[in-house]
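Every chain is numbered from 1, with letters handed out A, B, ... down the list of sequences.
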Amino acid sequence: MARFGTDNGFSQSGRIESGGGQGSGDSNRGGPGGRISSQERPLGGSGMAGRESESAVEEQWARVRGRLRSEVGEAAFRSWLKPLTLVGMREDVVRMSVPTRFMRDWVSSNYADRIRALWKSEQQSLTGVEIIVQAPREAPANDTALAGTVNGSGGTAARVDSDSAESQPAQSPAAPAQPQPQPQPQPQPEVEVTASDSGLYESRDSTFNDLSAPLDPRFTFENFVVGKPNELAYAAARRLAEAATTPFNPLFLYGGVGLGKTHLMHAIAWHLHSRSPRKKIIYLSAEKFMYQFVRALRTKSTMAFKEQFRSVDVLMIDDVQFIGGREATQEEFFHTFNALVDDNRQVVISADKSPSDLEGVEERMRSRLGWGLVADIHPTTYELRLSILQAKAEEMGTAIPLKVMEFLAYKISSNVRELEGALNRIAAHATLVGREVTLEGTQEVLHDVLRANDRRVTIEDIQKKVAQHYNVRVSDMSSARRARAVARPRQVAMYLSKQLTSRSLPEIGRKFGGRDHTTVMHAVKKVDELRSTDATFAEDVDLLRRMLEG
Amino acid sequence: MSVAERQLALDLPHRPALEREDFLVTTANAMAVAWIDQWPQWGQPALLLYGPASSGKTHLASVWRRVSGAVMVQPEALLERDPPELLVGAAGAVVDDLDRLLDTVAEASEIERALFHLYNVLREQGGHLLVTGCALPKQWALTLPDLRSRLAAAPAVEIGPPDDRLLEAVMVKLFADRQLRVAPEVIRFLLARMERSFAAVRALVAALDRASLAERRDITIPLARRVLDDIQGYTENEAHEEGS
């Protein structure tokens, strides 16, 4: 089957094709990588007479490119002509694409004549050269993600490719003639899919009232790493979750941000839920309680609001400090709280401070919050952080060298959330670039977190550091000496000055003993060459760069 | 199939032509683009995108909006409306230029609270928040510890200082925006001598435009040399040497 019909071969839609042709066969599948066509494939297609064979055109293109490169020089070629991609040739018009619109304008206005002449010399019958704009091919990972998303809107892949008359409207629910039934004002109907894509939350079930926030399935007792700083809070939460009656009421958990209060609360809810699935549990943050209450006031549905809260078996309010200073909300919360506690229903509260330290909260309230068990979570220790990282890495199924975990545990001492965030980032980065996690990579990825300040590196810093590294004098950076032992470090320093500062090349030259900007350009080129041929040298330069960016 | 139908179909690909065509990917912004492409696999409910002014953050954010259906949240709206009202069913939101916003508005702490709530709502829904800014995120003036720690846990990706290709492309774009046609050798001349930052290229292009307009002449190397000289005290040495 011809991928592209005769009438759309060169339309913009040439960029997209389905994984397996038209029809319903794969309309709901959209396998990874199937949707985005290889843009370098010349537009083939059967049954079109008088056309150069694909490979012949490819060969001509290779020659045209080669000659362009030598004519315009390496720098200009790399910037503007290398991104040119052959799309194909049809009816004596050759078509090439570039990834951006400026690039098209630039290439057309500056190089079109040369390109045309070169093509013409390859093929006398040529009548035209066209340059179109086409986004570059996506990385395979995106295709997968995308295929999943687009499938949510139904049959997209099949529709794009189906230019035959048999194409049924039923296969294209999102076709323009048929407005989406959902009342969604925003374009992409697939946004809904993302909720399940992230895999974060299970759907609600009857246990949790719809005022309740969904629970994170990862936040269970099993996944909670216990250490000295949090063992008291953990034991209290566990005891409450396992007790037949209300052992203490309320349970008040407090500690700094990101230390695991929310984790413990979700764990309690999960545990209670698994023990008695019919118990009604509400978990929500205090600020959400406030917003809901304000809305109930506005819609005059406060009775319903009260009812919902007072009919639960377990109420958990996270981050209660957020109702400080909000009097009406505080009042309502206080009534709800009292009603539940008086009725012996379990209440669990978390905050960033102990009850007596809560700001903007009435005295009677502060004292009642402290009537049950108050358990605090202390800042983490190095040992706890390391165990958390180990557990988390295992959970993620990513191989993280111990050295990296020790480094993270040492460097990121603020809290667990940020620690886990850092681990996520380095794992995601490793996946993104397809490399293993290393200490060097970690320092690079987290440089924004680790860097003490944003101070700009100066040329003087670079000269000093490079001189020290190669064991030459700083004065040699600007001396006239040409011996390689000093010339090479000088070139490295110039190279790094260009990479790490925004100074102009003439200015860099001046700082290296009044040298010319062409000398700087030569140094940059030289270092680039050496980096690509000499791995040890490349490592050296990278190391210097990291130290300077520190 | 009619032409109209086929064109509509094109709105569905990963990166809509309109957004993507104008965005040049180079080493300076490749990681940022990769993260945007990686959505929804961000590992966290938020992603921070930071880099110098004019480096393409807002542009990338709008590329993401097209992909995700996320809404752009204006500061005033953030203060006036609840997250569900802001999101109108979308599972994503963009807050642009947060650090500048926090530095300039009087209601910074209210903004932080509203943003914290928005973050939590998005997190509950499995949605995502994209926040952009100029400075290193740890230097953003966040005072609400809860928000600060959540954003600190989010992946932060930098659009770095421009490399040669990006600088060149930006310069060509800025000239094109002003309907100026400048020969490649002039561009090369400028690139080898100017301060290499987004801000500098912007200032330089504006100055060249002014000079060319005032003198009613094209932008040539001699003109470029003079303007550069005015801007950065670019000295006779280099000018002389290049004259050959």
Side-chain angles (χ1 to χ4, degrees), chain A residues 8 11-13 16 76 79 100-102 105-106 109-110 133 135 138-139 142 145-146 150 156 159-160 163 167 175-176 184-188 191 194-195 197-198 200-201 213-214 257-258 285 287 291 319 352 415 417-418 420-421 424-425 428 432 448-449 454 502-506 516-517 521, chain B residues 1 4-6 8-10 12-15 17 20-24 34 37-38 40-41 43-44 68-69 82 88-92 117 120 124-127 135-139 145-146 149 152-156 158 161 165 168-169 172-173 176 184 192-197 232 234 238 241:
Chain A
N8 78 340
S11 77
Q12 265 187 296
S13 62
I16 299 149
S79 299
T100 75
R101 206 175 291 155
F102 321 128
D105 298 344
W106 184 251
S109 55
N110 292 295
V133 179
E138 310 289 337
N142 306 324
L146 172 61
V150 171
T156 314
R159 182 159 50 86
V160 174
D163 47 2
S167 168
Q184 275 194 327
Q186 283 299 313
Q188 317 269 341
V191 287
T194 59
D197 272 357
S198 72
L200 267 183
Y201 301 113
V257 291
S285 62
E287 111 260 355
Y291 279 96
D319 286 328
D352 62 349
N415 61 55
R417 184 183 292 126
E418 285 163 39
E420 292 191 352
N424 267 328
R425 281 177 68 179
L432 220 56
D448 59 298
V449 178
D454 202 16
S502 64
R503 297 291 165 216
S504 69
L505 304 187
D516 191 79
H517 79 276
M521 284 161 95
Chain B
M1 179 187 267
E5 276 173 295
R6 195 175 294 133
L8 192 98
L10 283 171
L12 293 162
H14 192 39
R15 267 204 297 216
R20 187 64 176 78
E21 281 174 7
D22 297 320
F23 203 85
L24 182 72
D37 281 348
Q38 178 88 344
Q41 272 84 42
Q44 290 281 328
S68 64
D82 283 0
V88 283
H117 189 47
N120 284 339
E124 283 173 11
Q125 296 175 354
L136 205 61
K138 66 193 256 186
Q139 295 175 329
D146 307 82
S149 123
E158 181 178 14
R165 274 191 68 206
E168 186 177 19
V172 170
K173 176 195 186 295
R193 291 161 182 80
M194 61 179 289
E195 179 191 323
R196 289 162 302 102
S197 70
Q232 56 191 35
Y234 161 75
E238 289 86 9
E241 180 269 330

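Between A:Asp516 and A:Met521, the closest side-chain pair of non-hydrogen atoms is not below 4.5 Å.
Your options are B:Ser149, B:Ala153, B:Pro161, B:Pro137, and the one with the most heavy-atom pairs under 4.5 Å with chain A is B:Ser149.
Both the backbone and the side chain of B:Asp146 have a heavy atom closer than 4.5 Å to some heavy atom of chain A. At a 4.5 Å heavy-atom cutoff, the contact between B:Ala152 and chain A is made by backbone and side-chain atoms alike. For A:Leu505, the parts sitting under 4.5 Å from any heavy atom of chain B are the backbone and the side chain alike. Only the side chain of B:Gln44 comes within contact range of chain A, judged by heavy atoms closer than 4.5 Å.
Residue A:Arg503 qualifies as open at atom CZ: its count of foreign heavy atoms under 6.0 Å is 12 or below.
Separating the NE2 atom in B:His117 from the OG atom in A:Ser285 is a distance of 6.5 Å, to the nearest 0.5 Å. Taken to the nearest 0.5 Å, the CG atom of A:Asn424 stands 12.5 Å off from the CD atom of B:Gln41.
Of all heavy-atom pairs between B:Arg193 and A:Ser504, the closest is O-CB, 3.0 Å.
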